[in-house]
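Heads up, the thing below is written out as structure tokens.
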Amino acid sequence: PAPVRDEPFRPQLSFSPQRNWMNDPNGLVYHDGEYHLFYQYNPNKDTWGDMSWGHAVSADLLHWTELPLALPVEKDAGGEITQMFFSGSAVVDHANTSGFGKPGNPAMVAMYTAVFPQARTLNGKPIRAGTQAQSLAYSLDRGRTWTQYAGNPVIPEPPGPYAAEYRDFRDPKVFWYEPEHKWVLATVAAQRHKALFYSSRDLIHWEWTGEFGPAGAAGGVWECPDLVELPVDGDPARRRWVLIVSINPGGPAGGSGMQYFVGDFDGKTFTRDRNVASDDARWLDYGADFYAGVTYNDAPGNRRLLVGWMNNWDYAGTVPTAPWRSAQSLPRELGLRTLDGQVKLVQQPLAQVQALRSGLLYSVPARAIAPGVQPVSLNGAANAPLEVRMRLQPGTAARSGIRLGTAGTSAYTEIGYDAAQRAVYVDRTHAGEARFHPQFAARHAAPAVLRDGELPLRVLVDRGSVTVFAGEGETVLTDQVFPPAGPAAVSLFGVDGDAAVRDLDVWSLNSIWKD
Ligand code: FRU
């Protein structure tokens, strides 16, 4: 039987590898009944290195099966790395534009950043030490085994103006651009804060068509771009494009973060809409632990599903988990909504997570929150994972909200609304283990708009993380937490005034590794 993933802090709602180090999600594609999750993986250690593509599959995006490595690091006889496999994407070449497919068996094609630490030649092409180039591999057996394309790399270096950036040219995201029946690729010149766009008829020959940036936050490197088209307010006639860019450091909670831009893509380049109130960054997540997020290709029902790496480069190598390090997030469904006069990205946790609900631990249509801390008596003892839903009415309170802790201990994570700051926040300063990094114990805040005096909150409490979806999903915070194990303890709190909650429900959820 498969070993149960049940160690302290082991995520019970989303994928983490049995052992060793993982970072970015890669190659997210749906094919033939399976959602594929490839990921940056070190097969040999629980810290970053020997970068390979790990692989897992799922029929429902909840329950995962870990498979053998898809693209293993390559080393020479002396043990020196000759090629690593950095982040990238995957498509299914249904029309066999690449010629890699067989009749009735379209190829799954992965485009990844090939990293060459040493100078060498590959397929007759000279490669300088440190090169990051874009290469292809394909699979004819549902992603189980892979063949590297004999003409790699297909984009050996960045376009002319950025030729000097050959060591920081990475993270190709390919997708099918239906209006022109062609493949489009977004990649980055990381240090220059540029997203670069390419087009191809066959996935092999690529033409550079445009660029975007710097814009918004440009403090750190730009990594892992993605470009998705979404209807606005559910109206298929009003569509905008969203460019997603990961930035490290310079995120809203310090270290790694993700920003997005709303605008247009004409098949060649992305242009940001100018009707935004300011040129400030728009953050996709305001917590400390959501990075390198990208969307699925070919998800059924045209759903736009985003998965991010739930960690932060500031401390990812020292988080207190063993024998693995890092989890991917639960997939989130993306949308665009007009809110407060602006078109904003909205996110909701994967709808199927409701199928994990096992028991209603507490439910109240309305409850006042007096100044102080008021425990909520749960019916039954339940460990995380949990789901909490409520509409918080901050009233006259300076701060109000909910504390999620472990019974019999003083550890809790506080999720609240701060009236003076007009912000929703996650405070993990009392949440549990934090000594592994000086900046870990912190409070992370995000702007929040009360509508009719209320702030809807939906919180997924996993072992090892909390994710808060606030408002209509326009504000999300993802934070790792490492609390003592044990049954959940929930309380409501208010400071300097009276608050209330409406429709507070606390559910216990089944583990994806057990049910
Ligand atoms: C982002 C990133 C990518 C790169 C990968 C290497 O976290 O730095 O830019 O491809 O990780 O593991």
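Each ligand, and each atom within it, is numbered from 1 in the order the structure gives. Along the sequence shown, the residues carry numbers beginning at 1.
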What is the closest protein heavy atom to [atom], and at what distance does it sit?
{"atom": "atom 8 (O) of ligand 1", "answer": "Glu223 OE2, 2.9 Å"}
{"atom": "atom 6 (C) of ligand 1", "answer": "Gln40 OE1, 3.3 Å"}
{"atom": "atom 5 (C) of ligand 1", "answer": "Asp24 OD2, 3.6 Å"}

**Item:** Residues forming a salt bridge (Lys or Arg N to Asp or Glu O under 4.0 Å) with Asp6, sequence neighbours excluded
**Value:**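 Applying salt bridge (Lys or Arg N to Asp or Glu O under 4.0 Å) to Asp6 gives Arg463, Lys514.
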**Message:** Using a 4.0 Å cut-off to any heavy atom of Ser87, which atoms of ligand 1 qualify?
**Reply:**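 Here the atoms of ligand 1 in question are 5 (C), 10 (O).
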**Request:** Check whether any heavy atom of Trp309 sits under 4.0 Å from an atom of ligand 1.
**Result:**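 Contact absent.
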**Item:** Non-hydrogen atom of Asp171 closer than 4.0 Å to ligand 1
**Value:**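 Asp171: in contact with ligand 1 (<4.0 Å).
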**Request:** Using distance alone, with no hydrogens and no angle criterion, decide if Asp314 and His437 have a side-chain donor and acceptor under 3.5 Å apart.
**Result:**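 On atom types as modelled, these side chains do not qualify, holding no pair under 3.5 Å.
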**More than 12 heavy atoms from other groups under 6.0 Å of NZ on Lys125** =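 Above 12, so yes.
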**Message:** Any nitrogen or oxygen of Tyr291 lying under 3.5 Å from a nitrogen or oxygen in ligand 1? Just yes or no.
**Reply:**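 Between Tyr291 and ligand 1 (N or O atoms, distance only) the closest approach is not under 3.5 Å.
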**Message:** Ring of Tyr425, cation from Arg443 - is the NZ or CZ under 6.0 Å from the centre and inside 45° of the axis?
**Reply:**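 Yes, cation above the ring, under 6.0 Å and within 45°.
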**Message:** Main chain of Gly101, side chain of Asn96: is a donor-acceptor contact present, judged purely on distance under 3.5 Å?
**Reply:**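 Yes; at least one donor-acceptor contact below 3.5 Å.
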**Request:** Could you tell me whether the side chain of Asp462 and the main chain of Pro385 form a donor-acceptor pair under 3.5 Å?
**Result:**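 Not at all, since once roles are kept as given, no pair shorter than 3.5 Å links the two residues.
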**Asked** Is ligand 1 under 4.0 Å from a heavy atom in the side chain of Asn23, in the backbone, in both, or in neither?
**Response**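 It is the side chain that gets close, since no backbone atom is under 4.0 Å.
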